[in-house]
Structures are given as structure tokens and as C-alpha cells.
Amino acid sequence: MSLWPYFVVMGVFDFQRNPNTKEKKLPDRPARRTIGRKNEDVAKVISTILAFHFILYGAFYGLIEIQHLMPDALILLIIAVIGAAMFYTVTPANRMGHAYLSSGQIAIIHFICSFVAFTVLSLFIYDNVVSTEKMLYIGAFVLSTMLIFSKKLEVKE
Amino acid sequence: MWLFDLSYLPFNLLLITSAFIFCVGLLGHLNMKFFSVKTTQIVAAIGGAAFALLYFFSFITLVATYFVPVSLVHYTFFTIFIVMIFIYSIYTKMVTFHPVQILGMILFGISAYFLLA
């Protein structure tokens, strides 16, 4: 929800704009995305990154809880496989998002999705209820990063 | 603030290194569009495995040995990550010290201090 007003201000959801003025035009790859495809792309990017963080932290923190049941070498192997598989999955989403957003803005999406995934999962795994005071600081933290990376992406034709 | 306590330094350095790998990985694969998505995915997977191992090791040590709360390690990791992206953004002129961005920086400092304190 916190991403929504941000994207409105940044004009990411402005699908009526000419698509060619909104994304970087690479020499060998002309911007051909239609309005409908842009809509689909942004939705895909956010949902993939959110799913990535849920699976990554779910697997990671869940594994830490049951680590005493397995030998250390096996734990390290599973951790490496989880890391490799997750980063393999999220790479196309990042690349797709970069057509519309700067790297700082993609970092913010990761950051917010990570906070959401961590807060929800830690509630189930660690019974870690986030206090109202902490929620306030997290909100201020997210808002501040949005302000820092608030410059709109310049399109170079 | 626990982050600056010298007794945690070896494991904080691991945390900082893993945040650095995460940051370089993110910026690297976004800027190297001359590689195909498939090649980038394979490189990202190798970097992801290294990142996961480093993060796991520093996380386990800080939580199990030093009794640092789980949430604090997580918040610290992302604070370091955002600071690195911020430094890169100054270099690429995405952050130009516009009044709104300066306001964001002040708010970032205050909220990060209270979040990690």
C-alpha cells in the first residue's frame, strides 16, 4: 500500500503517456511496449519481488529454526541453493522493472517488500510482534528513502 | 548503537560485505544490459549463493552468540544496503541534493538511529 502513492507521484502508473518517452531506448532494442503491457509489467515486477522476499525469508529463517536437526555442511549447502535459486528467479523481474524505474526505486521496492515479508514471517516464526513505536520508525524510514530517491528517471533518446 | 561496538566488528564486517554483494549484484545486473537475461541469471545465482552464505554466517553468530535481536540484524542489513545505493545514486546524479532529498536524508538519519538504537 505504501508503494501505491509513491508510484502515483512518480508517474509509473501513468499509462496514458506515450510509452516511448517513459523507458530508456536502447540502440538495438526500440521501446515497443504497449500501455497494456506496461500495466502488466509493473504488476508482475512488484508481485515477483514480494513473492521472492516471502520465499527467501521463509526458507532462510525457517531453516535457522530447524538447523539443530541437520549437519552443518548440509545446512550450508541448502542455504547456498536457496540463495542461488531465489536470485536466479528475481533477476528478470529487476531487469523488467528497470525499463520504468531507476535502480534506487527498485531498491525501495525490495526494501519495502522485505520489510513486509520479514514482519509477517517473524510474527509466525519468532512471535516477534512489532510495536507501534517501531512501526512509526519503519514508516519514517520508508518515507525518507522514497524522498531521497524521488528524482524522476530521465529518458535518453 | 550496537553497530559501532568493536566487539561485534568481525561479524558486522560480514554483514556489511553481504550487503555490498547484494548492492553490487542489484546495480550490476541492472546496468549490464549487453548480457542476455539468461547469462545475468546465472551470474546472479552465483552471487546469490555467496551472499546467502555470508548473511547466514553473520546472522547466526550475531543472534546466537551475541544475542542481538533478529529484527535488529535485518534492519541493519537494509540500512547499510540503502546507504550504499544512496552513495551510488550521488555518483550517477540521481540524488542531486534537492531540498526534498535533503529532507529525506535528515528523516533517514533520525529514523535509522531510533530503529537501530
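Side-chain atoms are counted along with the backbone in the values below, which use heavy atoms only and exclude waters and symmetry mates. Chain naming here is simple, since letters A, B, ... match the order of the sequence lines and numbering starts at 1 in each.
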Does one hydrophobic cluster hold both [X] and [Y], with members joined at side-chain heavy-atom distances below 4.5 Å?
X: B:Val43; Y: A:Ile106; answer: no
X: A:Leu76; Y: A:Met86; answer: yes
X: A:Tyr57; Y: B:Leu53; answer: yes
X: A:Ile55; Y: B:Phe77; answer: yes
X: A:Val81; Y: A:Leu74; answer: no

If you count heavy-atom pairs under 4.5 Å with chain A, which of [options] comes out on top?
options: B:Ala50, B:Gly48, B:Gly25, B:Ala52; result: B:Gly48
options: B:Ile60, B:Ile110, B:Ile102; result: B:Ile60
options: B:Phe51, B:Phe22, B:Phe59; result: B:Phe59

> Which atoms of B:Phe57 come close to chain A, meaning under 4.5 Å heavy atom to heavy atom: side chain ones, backbone ones, both, or neither?
Replying inline: neither

> Relative to chain A, which segment of B:Phe56 carries a heavy atom at a distance below 4.5 Å: side chain, backbone, both, or neither?
Replying inline: both

> So what's closer than 4.5 Å to chain B heavy atoms on A:Leu63: side chain, backbone, both or neither?
Replying inline: neither

> Going through the distances and angles, do A:Phe87 and B:Gln41 end up as a side chain to side chain contact (heavy atoms under 4.5 Å, CB included)?
Replying inline: CA-CA 7 Å; A:Phe87 281 77; B:Gln41 276 180 300; over 6 Å; no

> Looking only at heavy atoms, what is the nearest atom pair of B:Gln101 and A:Ile148, with distance?
Replying inline: NE2-O, 3.0 Å

> At their closest point, which heavy atom of A:Ser144 faces which heavy atom of B:Ser111, and how far apart are they?
Replying inline: OG-OG, 4.1 Å

Scan the side chains in residues 81-90 of chain B for donor-acceptor partners under 3.5 Å anywhere in the protein, sequence neighbours excluded, and list what turns up.
from    : atom 1 : to      : atom 2 : distance (Å)
B:Tyr88 : OH     : B:Asn31 : ND2    : 2.8
B:Ser89 : OG     : B:Ile85 : O      : 2.8

> Picking from A:Ala140, A:Gly139, A:Gly97, which has the most non-hydrogen pairs under 4.5 angstrom with chain B?
Replying inline: A:Ala140

> How are the rings of B:Phe78 and A:Phe115 set relative to one another: parallel (under 30°), tilted (30 to 60°) or perpendicular (over 60°)?
Replying inline: tilted

> Any idea how A:Tyr137 and B:Phe114 line up, ring-wise: parallel (<30°), tilted (30 to 60°), or perpendicular (>60°)?
Replying inline: parallel

>> Taking the side chain as everything from C-beta on, heavy atoms only, tell me whether A:Phe141 gets closer than 4.5 Å to B:Thr79.
In response: yes

> Is any side-chain heavy atom of B:Tyr55 closer than 4.5 Å to a side-chain heavy atom of A:Ile79?
Replying inline: no

>> Please report the interatomic distance CG(B:Leu115) to CD(A:Glu133), rounded to the nearest 0.5 Å.
In response: 10.0 Å

> What distance separates A:Met146 CE from B:Phe108 CZ, expressed to the nearest 0.5 Å?
Replying inline: 13.5 Å

> Got a sec, which residues hit side chain to side chain contact (heavy atoms under 4.5 Å, CB included) with B:Val100, two or more places apart in sequence or on another chain?
Replying inline: A:Leu147, A:Ser150, B:His98

> Taking it one step at a time, do B:Lys38 and A:Tyr88 satisfy side chain to side chain donor-acceptor pair (under 3.5 Å)?
Replying inline: CA-CA 9 Å; B:Lys38 211 56 166 176; A:Tyr88 189 84; 3.3 Å; yes

